[in-house]
Amino acid sequence: MLVASILILDPDPHAREKAAAALRVAGHDVVETECHERSLALLKAHPFQVALVDLTGRTAYLDRLVEWQRASAPSHGLRVVACSGQPTDAPAALRAGADDFLAKPIHTDELQARVELALRRQPLVRHVAESWQAGRIRVDDASRRVHVDGTYVDTAPREYQLLRFFAANPCQVYSREQLLTLVWQRSQHLDKRTVDVHVRRLRARLEPFQCDHYLQTIHGVGYCFDPAPRDPVISRVVTKPSHR
């Protein structure tokens with residue numbers, strides 16, 4: 001079975017939690033939000049494969065989402081599954097660009113089947129490999145490796161994900177709650193100190209290379225990855241997959 005990173009946007013907490021629980025049981029990583037504006041920020045910050053979006057009373061939101069989806073499709077390959085308590089919203093949602101539609105209340109078996117269908121439909125272009133050069137650190141998605149000045153740095157999976165996120169979003173301040181959502185892909189049932197522990201471990205990995213200062217603590221707020229003070233070069237390299 002294909003597994004994916006899924007964003008659920010639904011103002012109804014009961015419906016949202018029910019859908020999220022069913023998808024997590026199926027093995028997917030799920031992030032929940034009730035806010036339409038926040039959902040766009042989450043989509044820009046994290047490469048979700050599927051977005052389950054409640055459109056009840058907010059059909060205009062889909063236009064903005066699909067516009068962003070089309071602009072970012074070469075690197076994200078996002079599939080949008082719209083849902084609504086008004087079945088008559090289906091034609092408008094599909095014409096606006098949604099990949100699928102579910103009438104609410106959603107049955108979990110059908111939801112899982114529709115998500116699997118959306119994943120099977122995903123274009124191969126979504127497998128674009130990205131790497132980030134931030135100061136002296138290079139994070140490479142294709143090999144899932146970290147190098148400093150060409151020297152390999154051993155990192156645990158979550159440490160890699162955290163550094164990858166920071167390198168892709170340098171010079172921005174993130175709270176612990178935001179990092180739990182964007183990197184761990186869930187904020188519930190996790191202590192905020194989890195972030196502190198992983199940042200401390202990551203600094204220890206980078207300390208022998210004198211790059212631990214890249215991970216800055218912003219007291220009272222959270223963390224910022226900033227190689228600029230000593231190493232101003234920050235760039236992103238996109239490696240296109242070879243054609244077969």
Side-chain angles (χ1 to χ4, degrees), residues 1-128 130 168-169 177-178 181-182 185-188 238:
M1 181 185 70
L2 295 172
V3 295
S5 181
I6 300 173
L7 175 68
I8 298 179
L9 165 61
D10 195 331
D12 180 348
H14 176 71
R16 186 178 67 249
E17 291 167 7
K18 180 181 177 181
L23 292 173
R24 286 183 179 128
V25 166
H28 300 291
D29 288 320
V30 181
V31 174
E32 305 171 48
T33 182
E34 63 181 13
C35 176
H36 288 75
E37 294 302 322
R38 184 167 182 263
S39 70
L40 292 172
L42 287 168
L43 287 166
K44 292 174 183 178
H46 185 83
F48 292 98
Q49 283 81 52
V50 177
L52 177 66
V53 179
D54 178 80
L55 297 178
T56 307
R58 293 292 300 268
T59 52
Y61 165 82
L62 185 60
D63 293 333
R64 296 176 59 196
L65 175 58
V66 171
E67 181 181 359
W68 174 85
Q69 177 198 26
R70 289 171 177 167
S72 62
S75 61
H76 283 75
L78 176 72
R79 292 294 183 181
V80 177
V81 178
C83 61
S84 174
Q86 301 172 0
T88 53
D89 287 340
L94 295 170
R95 290 191 184 106
D99 297 287
D100 206 342
F101 182 88
L102 284 168
K104 298 180 74 174
I106 296 174
H107 298 286
T108 55
D109 288 345
E110 182 181 9
L111 171 62
Q112 292 173 349
R114 295 296 183 93
V115 167
E116 290 176 17
L117 178 61
L119 292 172
R120 288 198 297 271
R121 288 175 174 171
Q122 285 218 350
L124 293 177
V125 73
R126 80 183 188 281
H127 295 296
V128 170
E130 291 184 305
N169 301 277
E177 291 86 351
Q178 288 175 313
T181 297
L182 297 170
Q185 299 178 19
R186 62 187 65 187
S187 57
Q188 298 178 339
V238 178

Is any side-chain heavy atom of Val53 closer than 4.5 Å to one of Ser39?
no
Glu32 to Arg38 - nearest heavy-atom pair and separation:
O-NH1, 4.0 Å
Taking atom CD1 of Ile6 and atom CZ of Arg79, what is their separation to the nearest 0.5 Å?
14.0 Å
Among Lys104, Arg16, Lys18, find the one that has a salt bridge (charged side-chain N to carboxylate O under 4.0 Å, His left out) with Asp10.
Lys104
Matching residue for Leu111 among Val81, Ile8, Leu102 - test: side-chain contact (heavy atoms from CB on, under 4.5 Å):
Leu102
Does any part of the side chain of Asp54, heavy atoms only, come nearer than 4.5 Å to the side chain of Asp12, both counted from C-beta?
no
In this structure, CD of Gln112 is separated from CG of Leu23 (nearest 0.5 Å) by 6.5 Å
Shortest non-hydrogen separation from Val50 to Ala118 and the atoms involved
CG2-CB, 4.3 Å
To the nearest 0.5 Å, tell me how far Leu94 CG sits from Asp89 CG.
10.5 Å
Non-hydrogen side-chain atoms of Phe101 and Pro91 separated by less than 4.5 Å
no
